[in-house]
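Okay, structure first, notes after.
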Amino acid sequence: MSGSQLWDDVDDYFISHLSPDDDALRAALRESEAAGLPAIAVTAAQGKFLQLLAQVQGARNVLEIGTLGGYSTIWMARALPEDGRLISLEYNAKHADVATRNIARAGLERIVEVRVGPALESLPKLADENPAPFDLVFIDADKANNAHYVEWALRLTRAGSLIIVDNVVRGGRVTEADSTEPDVAGTRAAIELIAGHPRLSGTALQTVGQKGYDGFALARVLG
């Protein structure tokens with residue numbers, strides 16, 4: 001058995017017992033595929049992990065940077081109270097339209113708002129609204145701007161908030177200090193920002209599973 005097949009089998013076992021899907025989640029993936037969205041959504045195990053983090057946080061306000069088809073959005077929004085709020089920023093209008101339908105099908109349209117446009121344009125507008133601090137920020141957008149997204153997350157959070165940056169391993173290329181690839185350079189900049197910032201304490205973990213070899217960074221806002 002190949003390593004990747006073993007990873008898939010283990011993920012299947014864990015997911016079937018600990019994070020089984022349902023009609024709304026299956027529909028979100030199905031509709032995303034039918035619309036031609038890239039198959040880069042988090043796995044069910046990862047979605048459940050995000051949901052648990054939000055629940056452990058007692059989160060009322062969540063910010064997501066990178067909506068895609070709304071699959072991860074649904075997982076996190078289900079952790080929020082009825083008066084909670086999740087704002088998700090999506091660059092691609094087609095993706096946002098698919099996500100909005102998927103979120104409504106899941107019955108979460110009163111909690112979730114999808115905003116369309118480049119996140120680095122949406123974030124200053126969001127800050128101008130002086131929103132309540134976000135308890136959790138999930139960053140899963142264009143990797144070149146990861147450090148900028150972490151900086152904005154810091155402005156929009158409070159002491160004790162969590163910031164998660166997805167897909168930080170880049171197939172192992174994150175170790176390449178001289179890389180000129182935007183995704184690698186942006187990810188390295190985010191890791192080094194977390195490492196050196198006095199308001200952040202963080203770590204990063206490598207993962208294997210249905211999405212292959214990858215990983216994420218997790219940081220806690222200190223003050």
Side-chain angles (χ1 to χ4, degrees), residues 15-16 18-142 149 152-153 156-157 161-164 166-167 210-211:
I15 288 169
S16 67
L18 300 172
S19 48
D21 60 12
D22 55 30
D23 289 344
L25 290 166
R26 285 191 293 270
L29 293 177
R30 184 176 63 248
E31 294 301 318
S32 296
E33 181 180 11
L37 274 60
I40 55 174
V42 300
T43 66
Q46 293 164 344
K48 183 65 177 291
F49 177 71
L50 292 170
Q51 185 182 90
L52 288 170
L53 285 178
Q55 290 170 333
V56 169
Q57 280 291 93
R60 303 183 67 84
N61 298 291
V62 170
L63 174 63
E64 179 179 48
I65 303 176
T67 317
L68 195 63
Y71 185 75
S72 57
T73 319
I74 292 170
W75 277 107
M76 290 187 290
R78 286 176 168 177
L80 301 183
E82 290 186 3
D83 60 347
R85 185 186 193 196
L86 191 156
I87 295 177
S88 190
L89 309 180
E90 174 54 47
Y91 174 81
N92 188 300
K94 176 183 177 181
H95 296 181
D97 184 56
V98 173
T100 298
R101 294 197 303 272
N102 287 334
I103 290 160
R105 186 185 299 107
L108 296 165
E109 66 272 24
R110 289 184 298 175
I111 291 176
V112 178
E113 177 187 359
V114 179
R115 300 189 179 188
V116 182
L120 291 180
E121 295 179 10
S122 299
L123 286 163
K125 296 175 184 177
L126 176 59
D128 286 344
E129 297 171 14
N130 194 29
F134 290 98
D135 306 300
L136 185 149
V137 179
F138 179 48
I139 299 170
D140 190 13
D142 57 309
Y149 296 146
W152 273 107
L156 293 165
T157 51
S161 294
L162 293 181
I163 301 170
I164 304 119
D166 203 10
N167 309 127
Q210 291 177 345
K211 297 297 182 181

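Position 1 is the first residue of the sequence; numbering continues from there.
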If you define the side chain from C-beta out and look only at heavy atoms, does anything of [X] sit under 4.5 Å from [Y]?
{"X": "Leu162", "Y": "Phe138", "value": "no"}
{"X": "Leu123", "Y": "Ile65", "value": "yes"}
{"X": "Lys48", "Y": "Leu52", "value": "yes"}
{"X": "Val137", "Y": "Trp152", "value": "no"}
{"X": "Leu126", "Y": "Pro131", "value": "yes"}

Could you check whether any side-chain N or O of [X] sits under 3.5 Å from a backbone N or O of [Y], counting only pairs where one atom can act as donor and the other as acceptor?
{"X": "Gln55", "Y": "Ala79", "result": "no"}
{"X": "Gln46", "Y": "Thr43", "result": "yes"}
{"X": "Glu90", "Y": "Thr67", "result": "yes"}

At their closest point, which heavy atom of [X] faces which heavy atom of [Y], and how far apart are they?
{"X": "Ser32", "Y": "Gly69", "result": "OG-CA, 3.5 Å"}
{"X": "Gly70", "Y": "Ala99", "result": "N-CB, 3.7 Å"}
{"X": "Ile163", "Y": "Ala153", "result": "CD1-CB, 3.7 Å"}
{"X": "Ser72", "Y": "Val42", "result": "CB-CG2, 3.9 Å"}
{"X": "Ala93", "Y": "Val116", "result": "CA-CG1, 3.8 Å"}
{"X": "Trp75", "Y": "Ala44", "result": "CZ2-O, 3.7 Å"}

With rounding to the nearest 0.5 angstrom, report the [atom1] to [atom2] distance, [X] to [Y].
{"X": "Glu129", "Y": "Leu156", "atom1": "CD", "atom2": "CG", "result": "10.0 Å"}
{"X": "Asp21", "Y": "Ile74", "atom1": "CG", "atom2": "CD1", "result": "11.5 Å"}
{"X": "Tyr71", "Y": "Arg26", "atom1": "OH", "atom2": "CZ", "result": "10.0 Å"}
{"X": "Tyr149", "Y": "Ile139", "atom1": "OH", "atom2": "CD1", "result": "9.0 Å"}

Problem set entry | Contacts of type side-chain contact (heavy atoms from CB on, under 4.5 Å), residue Ala59, not counting sequence neighbours |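 Expected list: Ala54, Gln57, Val62, Leu80, Asp135.
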For this session: List in chain and number order the residues that pass side-chain contact (heavy atoms from CB on, under 4.5 Å) with Phe49, two or more places apart in sequence or in another chain; answer none if no residue qualifies.
Result: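 Phe49 satisfies side-chain contact (heavy atoms from CB on, under 4.5 Å) with Leu53, Phe216 once adjacent residues are dropped.
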For this session: Could you check Lys125 against Asp128 for salt bridge (Lys or Arg N to Asp or Glu O under 4.0 Å), going step by step and ending with a plain yes or no?
Result: CA-CA 5 Å; Lys125 296 175 184 177; Asp128 286 344; over 6 Å; no
For this session: State which residue, out of Leu89, Thr157, Leu86, fulfils the side chain to side chain contact (heavy atoms under 4.5 Å, CB included) condition with Leu63.
Result: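 By the side chain to side chain contact (heavy atoms under 4.5 Å, CB included) criterion, Leu63 pairs with just one of Leu89, Thr157, Leu86: Leu89.
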Just distance, no hydrogens or angles: give the donor-acceptor pairs under 3.5 Å from side chains in residues 103-113, sequence neighbours left out.
from	atom 1	to	atom 2	distance (Å)
Arg105	NH1	Asn102	OD1	2.7
Glu113	OE1	Arg115	NH2	3.4
Glu113	OE2	Arg115	NE	3.0

Exercise. Can a salt bridge be assigned to the pair Asp166 and Lys211 using a cut-off of 4.0 Å between side-chain N and carboxylate O?
Worked result: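 Between Lys211 and Asp166 there is no salt bridge, as every charged N stays at least 4.0 Å from the carboxylate O atoms.
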Problem set entry | Residues Asp97, Lys94: salt bridge by 4.0 Å N-O rule |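 No, this pair does not count.
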Exercise. Any side-chain donor paired with an acceptor under 3.5 Å for Glu64 and Thr73?
Worked result: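 Side chains of Glu64 and Thr73: pair found under 3.5 Å.
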